[in-house]
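Following: one structure in structure tokens, then a few remarks.
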Protein chains: 2
Amino acid sequence: MTIKDIARLAGVSVSTVSRVLNNHPDVSQDAVKKVMAIVNKYNYIPNTSARNLGMSSSDNIGVIMRGISNPFYTKIITAIGDKIEKSGYTMVMQQISTDEDELRVAAMMEKDKRLQGLILLGGHLNYTKEQVSSIGVPFVCCTFSNEYGNLNSDQYSSVCIDDEATAFSAVEQLYKKGHKKIAVLLSAVDDGSVSQVRYAGYKRALKDFNIPEDDNLIIQIHSFNIADAYHEMSKWLDKGIDFSALFCISDNMAMGAMKALRDAKKIVPDDVAVIAIDGIEASEYTNPVLSTLCQPMEHIGIKAVDVLVDIINNEGPHQHLTLPTTLREGETLR
Amino acid sequence: MTIKDIARLAGVSVSTVSRVLNNHPDVSQDAVKKVMAIVNKYNYIPNTSARNLGMSSSDNIGVIMRGISNPFYTKIITAIGDKIEKSGYTMVMQQISTDEDELRVAAMMEKDKRLQGLILLGGHLNYTKEQVSSIGVPFVCCTFSNEYGNLNSDQYSSVCIDDEATAFSAVEQLYKKGHKKIAVLLSAVDDGSVSQVRYAGYKRALKDFNIPEDDNLIIQIHSFNIADAYHEMSKWLDKGIDFSALFCISDNMAMGAMKALRDAKKIVPDDVAVIAIDGIEASEYTNPVLSTLCQPMEHIGIKAVDVLVDIINNEGPHQHLTLPTTLREGETLR
DNA sequence: ATGAAAGCGCTAACAT
DNA sequence: ATGTTAGCGCTTTCAT
């Protein structure tokens, strides 16, 4: 079944069929009726590849998201999808795995789908100008910025929280409760990831509060996995290093760490206070409920689309939005 | 940058470029070198839409998955991806939301991507023959079968656990510990979903163990959400109905329920024993650790691909695999 | 081993 | 309002 068949069966030309299918004006009610009858009868579905090829442009906005497994993105992607729809565009989403190059995927999508713009959800923070130059539509980085990269801020947009300040604030919470021996559970600190940025916030807080840095209090894993967090935390606890509080750079890691603490017979929050960053749904259901600094996920998604659509429609300038986090008190603070 | 430009720049014809790009034999080393030089220099990326259009067939296997938010699929999808790759095929994955018709999406993908076969991850269990007839390549239902539908078993393949028997076995665990007042937390029971099938297992178990059914012990929500489970469970607990054990049809729902129990000052497992089905990663990190019947996720993914590839390559018959679950003891049983 | 040219299924001028 | 036709960027016979 192709558009040609439909045209023949309906007794009209392919262009009329195309017009009907795309709700173009200037088609008679009669034609619409005839075409739709055949379309429905044969359950005809147009070929998207052909359509994308034939079109010179589209109303597609691409969304590239890294890591299907990250529960943190769930709400954001939903918000993005809704907002794209409401803005009259069509969302084309592409999942990529951790080892894929999002900028390459972006370049592919841009051509295949004739994108008008692009939202990068998660991702590295250190693209170079050459890498970025391969993509020719406006794009906005969602939940991350380019702090350690060397892009000009007029080359891209971003919508995210201030990861450094949020980490600072997390440590501050701990400090205000009287904690001085504050361990940190983090991931890589040299790859421009949020882990690195949040670590910077941790360090600045220590400095501000006149707490000397102590390498023994740094627990590092090489992922953001709950299982890795659990195992590494367990190993670290075996060392018997003295500490009274733990700052985890993500909720997910905190959940792994809390089990390790439980295994080690450390009561949270009596023996150890715990705080994290993200505010994913699952961490509301831990026992005790995790105290964390919540990202405004829905707001982030909506704003990312807003910014992008503004750039597309009004050729507005690139923007960099920093959204505030909110503290979820939880039960792991003391 | 199109294949034409590359051809011109490399001083060869488009067909030669196409051959090089697709690793066809019968291309001179010299041609390969020339073409690749240009391709790399300009970072040329072929247009997938055009490629799909031009090709009469492909090595694409489609994977349609419902609900990005379901952590249960994470491991399965990874296994599927690996196995498809190893089998020499290419995975094209498509996310769909709960309200989209997967069979329609399947029909689209089949044409757009020239699929060889299709894997449906999650989904309803009650397709009709007409619905299925719109898709023309072999497909396998992954994690669900068609128990309440009216398909012939030679129209599709399936790889899943025996949901009914697993639910039975869950209740059996509770019964063996001496429980008679066994509440059940479930979702819809009239839509052919796993909820319905697992509910059937629950009922059969009660019957087998001579426990009368009691509507008061049925807690129903209209999703598989952790938040909905929490709220509905809380509301139910307010009623003060007497019970000593809880069977949740999914881990996720169990996590919500456990918080409700905690809020109600019910100690798990001392006051209430809890068991569920699925075995997602997060439920290993609850406090106490959830007792559950684990699905062999990786195995499910691998087998789904195996079955499909066998059908594609060898025109083998459709198969229906039932894989065993394993009990994770956890800490919520007593 | 390589090139020319005919599609693949659709959209979008351009004509009428 | 409708039809004709030339692409869109690629693959794939069919020649050579």
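Reminder, nothing fancy here: chain letters follow the sequence lines and each chain counts from 1.
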Is any side-chain nitrogen or oxygen of B/Ser13 closer than 4.0 Å to OP1 or OP2 of C/dA4?
-> no
Is there a side-chain polar atom (N or O) of B/Thr16 under 4.0 Å from OP1 or OP2 of C/dG3?
-> yes
What pairs meet the side-chain hydrogen bond (donor to acceptor under 3.5 Å, both in side chains) rule with one or both residues in residues 309-318 of chain B, with sequence neighbours excluded?
-> B/Tyr89-B/Asn313, B/Ser157-B/His318, B/Asp310-B/Asn314, B/Asp310-B/Gln319
In short, side-chain hydrogen bond (donor to acceptor under 3.5 Å, both in side chains) pairs touching residues 43-55 of chain B with sequence neighbours left out are A/Asp112-B/Thr48, B/Asn22-B/Arg51
4.5 Å side-chain heavy-atom contact, A/Arg19 and A/Thr16 | yes
For B/His320, the ring pair (Phe, Tyr, Trp, His ring centres under 6.0 Å) test, sequence neighbours excluded, returns B/Tyr156
Could you encode protein contacts along nucleotides 7-16 of chain D as a string, one character per nucleotide from 5' to 3', using B for base contact, S for sugar-phosphate-only contact and - for no contact, with a heavy-atom cut-off of under 4.0 Å?
-> BBBBSBB---
If I take atom [atom1] in residue [X] and atom [atom2] in nucleotide [N], what distance separates them, rounded to the nearest angstrom?
X	N	atom1	atom2	answer
A/Lys34	D/dA1	NZ	C1'	11 Å
B/Gln29	C/dT2	CD	P	10 Å
A/Arg8	C/dC10	CZ	P	13 Å

Determine which pairs satisfy salt bridge (charged side-chain N to carboxylate O under 4.0 Å, His left out) with at least one residue from residues 81-95 of chain A, sequence neighbours left out, and list them in order.
-> A/Lys83-A/Asp306
Taking only residues two or more places apart in sequence, or in another chain, which ones meet B/Lys34 in a salt bridge (Lys or Arg N to Asp or Glu O under 4.0 Å)?
-> B/Asp30
